[in-house]
Amino acid sequence: MSRRYALLDVFANAPLAGNQLAVVLDSEGLGDDRMLAIAREFNLAETVFVQPPAKPGHKASLRIFCPAYEMPFAGHPTVGTAVLLALEAAGGEPNSQDSVFVVEEKVGAIRCAVALQSAKAGHAIFDVPRQSTRVETPVDDDALAAMLGLLPSETGFENHRPSVYSAGVPYLLMPVRDLAAIARARPLAQHWQAAMPAGVGAVYLYTRETLALGHQFHARMFWLGEAIIEDPATGSAAAAFAGAVAAFDQLPAGTHRFVMEQGFEMQRPSLIHLEVDIEGGALHASRIGGDAVLVARGTLDM
């Protein structure tokens with residue numbers, strides 16, 4: 001049986017940047033083991049399998065697999081698949097009208113809005129389905145600095161300190177002094193287990209110093225699989241970061257917009273748009289947005 005698939009670069013407006021994504025459009029009848037095997041075949045950070053929705057009126061159900069396991073939620077698969085679904089609906093003839101629809105993921109229903117920019121690209125923004133909350137767990141600042149090959153004086157800025165937040169996937173959020181320090185960061189596998197809080201598999205480094213005007217934070221993300229791997233753009237980490245920036249910056253009531261730089265050290269420049277709504281002194285809602293561009297189409301013959 002032939003199954004259509006597409007490859008996209010997400011959180012970028014041109015090919016060969018951003019975070020790579022595979023989307024299998026015709027995935028009805030595939031079992032979990034088969035989807036995991038296909039994800040291993042693509043060998044990208046995530047592969048999305050598009051299936052019919054469980055609820056009438058929703059656009060699709062999305063299953064998200066990395067090569068080792070299924071994920072309940074991820075940002076760049078949501079943005080990239082939303083743009084692809086809008087392109088499919090437009091039939092290669094995008095117009096000026098935005099589309100709004102709901103997709104289903106393991107974490108819950110997610111409302112997406114897409115503005116197509118061409119027959120191969122668009123911008124999507126989605127409501128984060130689970131708002132970021134702090135995970136109370138011991139964090140050793142000095143051990144984390146050593147794990148990253150940094151001096152303790154190179155971590156933290158203003159009142160930002162290492163913390164763990166989750167919007168469905170927990171991240172160790174590590175503030176770093178400046179661009180020079182974040183560029184030197186090199187996670188050391190021999191220190192990883194001792195430094196990382198229990199149950200947390202990834203560290204998201206961020207600094208307020210940026211490469212371009214109009215951007216608010218520069219970030220890098222590392223996670224431990226068979227080896228330590230860097231991710232060029234991590235929407236679920238930006239969703240978790242919403243809780244930290246709301247708390248540490250003591251954001252006033254209203255909507256706040258941030259542009260996050262990521263992937264520049266990997267030559268995969270990415271821009272993630274984060275919107276944060278504050279009500280009553282607390283995080284009320286957040287949204288993740290970004291561009292996505294189609295780079296290839298094909299079929300799986302199996």
Side-chain angles (χ1 to χ4, degrees), residues 8-14 17-21 23 45-46 48 59-60 62 64 73-87 89-90 94 96-103 105 107-118 120-132 165 167-169 171 204 206 210 212-219 221 231-246 251 254-264 268-278 283-294:
L8 300 99
D9 286 336
V10 184
F11 293 125
N13 60 10
N19 204 345
Q20 299 164 290
L21 177 70
V23 182
E46 282 101 12
V48 177
K59 186 75 168 178
L62 310 184
I64 304 171
F73 162 70
H76 97 272
T78 304
V79 167
T81 306
V83 169
L84 180 62
L85 292 175
L87 290 172
S96 60
Q97 292 184 341
D98 296 348
S99 56
V100 179
F101 50 80
V102 175
V103 298
E105 297 183 14
V107 75
I110 301 175
R111 186 174 67 111
C112 306
V114 181
L116 295 182
Q117 299 159 339
S118 71
K120 293 186 177 180
H123 183 94
I125 187 168
F126 67 87
D127 295 331
V128 174
R130 186 181 300 172
Q131 296 312 305
S132 177
Y165 279 81
V169 180
Y171 287 91
Y204 186 68
Y206 65 94
T210 61
L213 294 174
H215 302 166
Q216 285 69 48
F217 291 95
H218 185 94
M221 195 283 272
D231 194 43
T234 319
S236 57
F241 176 73
V245 72
L251 297 176
T255 298
H256 304 265
R257 295 177 175 85
F258 307 94
V259 179
M260 316 286 295
E261 304 172 344
Q262 193 180 338
F264 286 77
R268 299 287 303 190
S270 309
L271 297 178
I272 300 174
H273 295 254
L274 170 64
E275 294 184 358
V276 174
D277 294 344
I278 303 296
L283 177 65
H284 175 71
S286 56
R287 291 165 295 281
I288 298 291
D291 295 330
V293 58
L294 181 66

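All figures in this text were calculated on a predicted structure; none of them were measured in a lab.
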Are any non-hydrogen side-chain atoms of [X] and [Y] less than 4.5 angstrom apart?
X	Y	result
Val103	Leu85	yes
Val293	Asn13	no
Arg268	Gln262	no
Glu275	His256	no
Val276	His284	no
Val102	Lys59	no
Gln20	His76	no
Arg257	Leu274	no

Query raised in the report: Out of Leu8, Thr78, Leu21, which residue meets the side chain to side chain contact (heavy atoms under 4.5 Å, CB included) rule with Val48?
Result: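 Exactly one pass, corresponding to Leu21.
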**Report entry** Test log, rule side-chain contact (heavy atoms from CB on, under 4.5 Å), inputs His215 and Met260
**Finding:** CA-CA 6 Å; His215 302 166; Met260 316 286 295; over 6 Å; no
Report task. Test side-chain contact (heavy atoms from CB on, under 4.5 Å) on Phe11 and Leu271 and set out the steps. Result -> CA-CA 5 Å; Phe11 293 125; Leu271 297 178; 5.9 Å; no
Main chain of [Y], side chain of [X]: is a donor-acceptor contact present, judged purely on distance under 3.5 Å?
X	Y	result
Asn19	Ala233	yes
Ser132	Ala240	yes
Gln216	Val259	yes
Thr210	Phe217	no

Kindly give the heavy-atom pair with the smallest separation between [X] and [Y], and that separation in Å.
X	Y	result
Leu283	Ala246	CB-CB, 4.5 Å
Ile288	Ala239	CD1-N, 3.8 Å
Ala86	Val114	CB-CG1, 3.6 Å
Val100	Arg111	CG1-CG, 4.0 Å
Ala12	Gly18	CB-N, 3.6 Å
Arg130	Ala167	O-CB, 3.3 Å

Distance (rounded to the nearest 0.5 Å) between [X] [atom1] and [Y] [atom2]:
X	Y	atom1	atom2	answer
Met221	Ser270	CE	OG	11.5 Å
Tyr204	Asp231	OH	CG	10.0 Å
Leu62	Thr81	CG	OG1	5.5 Å
Leu87	Leu116	CG	CG	5.0 Å

Query raised in the report: If we ignore angles and hydrogens, is there a donor and acceptor under 3.5 Å between the side chains of Gln131 and Ser286?
Result: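 Yes - a donor-acceptor pair under 3.5 Å links their side chains.
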Query raised in the report: When you check the side-chain N and O atoms of Tyr171 and Thr234, is any donor under 3.5 Å from an acceptor?
Result: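 Tyr171 vs Thr234: no donor-acceptor pair found between side chains.
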**Report entry** Aromatic ring proximity Phe241/Phe258, centre distance under 6.0 Å
**Finding:**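 Distance test on ring centres: not under 6.0 Å, no.
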Query raised in the report: Do the ring planes of Phe73 and Phe126 sit parallel (below 30°), tilted (30 to 60°) or perpendicular (above 60°)?
Result: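 Correct class here is perpendicular.
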